[in-house]
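In what follows, a single structure is set out as structure tokens and then discussed.
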Amino acid sequence: MPIRFYNTLTKKLDEFQPLIPNKISMYMCGPTVYDYFHIGNARSFVMADIINRYFRYKRFEVKFVMNLTDIDDKIINKAIEEKTDTKTISGKYTRAFFEDIEKLKIKPADHYPKATDNVDGIIELISKLIESESAYQVNGDVFYDVKKFAEYGKLSGKKLEDLISGARVDVNEQKKNPVDFALWKSAKPDEPFWESPWGKGRPGWHVECSVMSMKNLGETFDIHAGGNDLIFPHHENEIAQSEAATHKPFAHYWIHFGFLNIDNQKMSKSLGNFFTLRDVLKKFSAEALRFLYCQTLYSAPLNFSDDLLRNSESALKRIKNTIHQIKTSLINDGSQEPFSTKEFYSDFVEVMDDNFNTPQALAVIFDLCKEINLFIAKHENLSNQNKEQMLNALQILGGDVLGILNVNEKTDHDEKLLNDLMNIIIDIRNDARKEKRFEVSDKIRDDLKKLNIELEDKKGQTTWKINRS
Ligand code: AMP
Ligand code: ZN
């Protein structure tokens, strides 16, 4: 069955037909690197990651590109605030971005183009637009002439007349039309700038994404994604610029992510109602956060609370309990009726194919856990083959696609069991030492060393550590 998902451009669930069979080109608007990202941004990054992982699971060859906006008013203001330059700010938060997405178990995109590495391409596109009279320059600024693009509004559903009549007219603006937007901004004193045919300046935000997406994926590509806040004007403007320059369709499919809200208000830096990912990960696991995101359809709003995250953590624990049960079940070397995971894979694919329905995908994983628990309770032990099938299914669906678990990771149970066992061994060794049975205490120490476990006796206390060299 083909995948279908909601396409903001056609405003309906479309069957997905990639330009080239089995290949997918996908672009996502990435962060403006001026601060640590918050869990609202993270929701968009994680849902794009799950879609990327799912396409790969379906054996598509995916080229996934996410840009980094590394020059922007926000970056300039932050540099002024911190009495430094924009490069220092964007460098610091680009590194933080990569650290954070790793913590969030996001599979890296195939390419992360930066706006400042693409200024030549941006100047080229703007020049083309000026040549074809889709853009005009005024005193070092270049604006896109929205009225020249007949299809303006096709993504957001907005009407140009309404936009013009509703626009705030700024008397200082030299634009032909209040809805025209900047492609190139002339440099203000002390701002970073690049030389251009229109003088010193820097690119506007919208044009950066047109250039970085087309350079990496071609003039027409499959999917463009981003948060709901970007539909208008950012994505509408990207379409206008790109299609006016190439006379070809830009992206065929547009995916937009719903907001993460707090008290039903969008989480955002400007409102100050945000939690950075770093802060949240001090209290909760990345898997729990991903689980929380998966509980809501990617396009719907999600009202965040700590309680919801606590619930996600306990729901995840239920899955981890099943994994622990499988791992600790006795092995039955004889034959055992096979445990079939096939229908769970097909149920999972059915719901994910239908608009990436992650809430339903979680339900399939819980059904699988329920069936596994019943099977183990009934049989009391597991054949190696059944054990492997169960762990594989949980790893592939919950681990590889949704990124909410890792069956190979030590569980809390494993950790506790190891601690308890070590305490027993240390007690036996201490008793042996008290009774001067040194051949026993030395043997314990030496044998543990062979397992890379080192004992340390200090102030009458024995501690242990695993040497991971
Ligand atoms: P920014 O760094 O603000 O440009 O945002 C980076 C990405 O996060 C963009 O795709 C935004 O649409 C998305 N985003 C920003 N705020 C939220 C939010 N509260 N919920 C979901 N996505 C968001
Ligand atoms: Zn963008």
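The figures that follow rest on heavy atoms only: side chains count, while hydrogens, waters and symmetry mates do not. Every number for a ligand or one of its atoms is a count from 1 in the order of the listing.
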N or O contact, [X] vs ligand 1, cut-off under 3.5 Å:
{"X": "F45", "answer": "no"}
{"X": "K74", "answer": "no"}
{"X": "G40", "answer": "yes"}
{"X": "M28", "answer": "no"}
{"X": "P31", "answer": "no"}

* **Salt-bridge criterion met for R4 and E15 (N-O under 4.0 Å)** =>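 Looking at R4 and E15, the cut-off is not met.
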What protein heavy atom sits nearest [atom], and how far off is it?
{"atom": "atom 10 (O) of ligand 1", "answer": "G227 N, 3.3 Å"}
{"atom": "atom 19 (N) of ligand 1", "answer": "M267 O, 2.8 Å"}
{"atom": "atom 13 (C) of ligand 1", "answer": "S44 OG, 3.7 Å"}
{"atom": "atom 11 (C) of ligand 1", "answer": "D229 OD1, 3.6 Å"}
{"atom": "atom 20 (N) of ligand 1", "answer": "L260 N, 2.9 Å"}
{"atom": "atom 9 (C) of ligand 1", "answer": "L230 CD1, 3.8 Å"}

* Asked: Taking the six-membered ring of F274, is the NZ or CZ of K269 close enough (under 6.0 Å from the centre) and on axis enough (within 45°)?
  ->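 Checked: cation-pi criterion met.
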* To do: With the Zn ion (ligand 2) as the centre, enumerate protein N/O/S atoms below 2.8 Å in chain and residue order.
  =>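 Less than 2.8 Å away from the Zn ion (ligand 2) sit C29 SG, C209 SG, H234 NE2.
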Closer than 4.0 Å to some heavy atom of [X] - which atoms of ligand 1 meet that?
{"X": "G30", "answer": "6 (C)"}
{"X": "C29", "answer": "10 (O)"}
{"X": "H38", "answer": "16 (N)"}

Should [X] be listed as contacting ligand 1, given a heavy-atom distance under 4.0 Å as the test?
{"X": "G258", "value": "yes"}
{"X": "K269", "value": "no"}
{"X": "F259", "value": "yes"}

* **Residue part near ligand 1, for T32, under 4.0 Å between non-hydrogen atoms** =>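 T32 to ligand 1: contacts from backbone and side chain alike.
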* Side chain, backbone, both or neither: the part of N41 lying under 4.0 Å from ligand 1 by heavy atom ->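 Both of them.
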With distance as the sole test, does [X] use its side chain to make a donor-acceptor pair with the main-chain N or O of [Y] at under 3.5 Å?
{"X": "K215", "Y": "M212", "value": "no"}
{"X": "N237", "Y": "V207", "value": "no"}
{"X": "D180", "Y": "F143", "value": "no"}
{"X": "S346", "Y": "E343", "value": "yes"}
{"X": "D110", "Y": "F64", "value": "yes"}

Could you pull out every donor-acceptor pair under 3.5 Å between side chains of residues 356-372 and any protein atom, sequence neighbours left out?
residue	atom	partner	partner atom	Å
N357	OD1	Q360	N	3.1
T358	OG1	C294	O	2.8

What closest approach, in Å, do [X] and [Y] show between heavy atoms, and which atom pair accounts for it?
{"X": "R56", "Y": "V62", "result": "NH2-O, 3.4 Å"}
{"X": "R53", "Y": "D400", "result": "NH1-O, 2.8 Å"}
{"X": "N228", "Y": "G258", "result": "ND2-CA, 3.5 Å"}

* Asked: Given the rule in the side chain to side chain contact (heavy atoms under 4.5 Å, CB included) test, do D279 and F284 qualify, once you have shown the distances and angles that lead to the verdict?
  -> CA-CA 9 Å; D279 279 343; F284 299 98; over 6 Å; no
Return the orientation label for the [X] and [Y] ring planes: parallel under 30°, perpendicular over 60°, tilted otherwise.
{"X": "H206", "Y": "F181", "result": "perpendicular"}
{"X": "H224", "Y": "Y27", "result": "perpendicular"}
{"X": "F348", "Y": "Y57", "result": "perpendicular"}

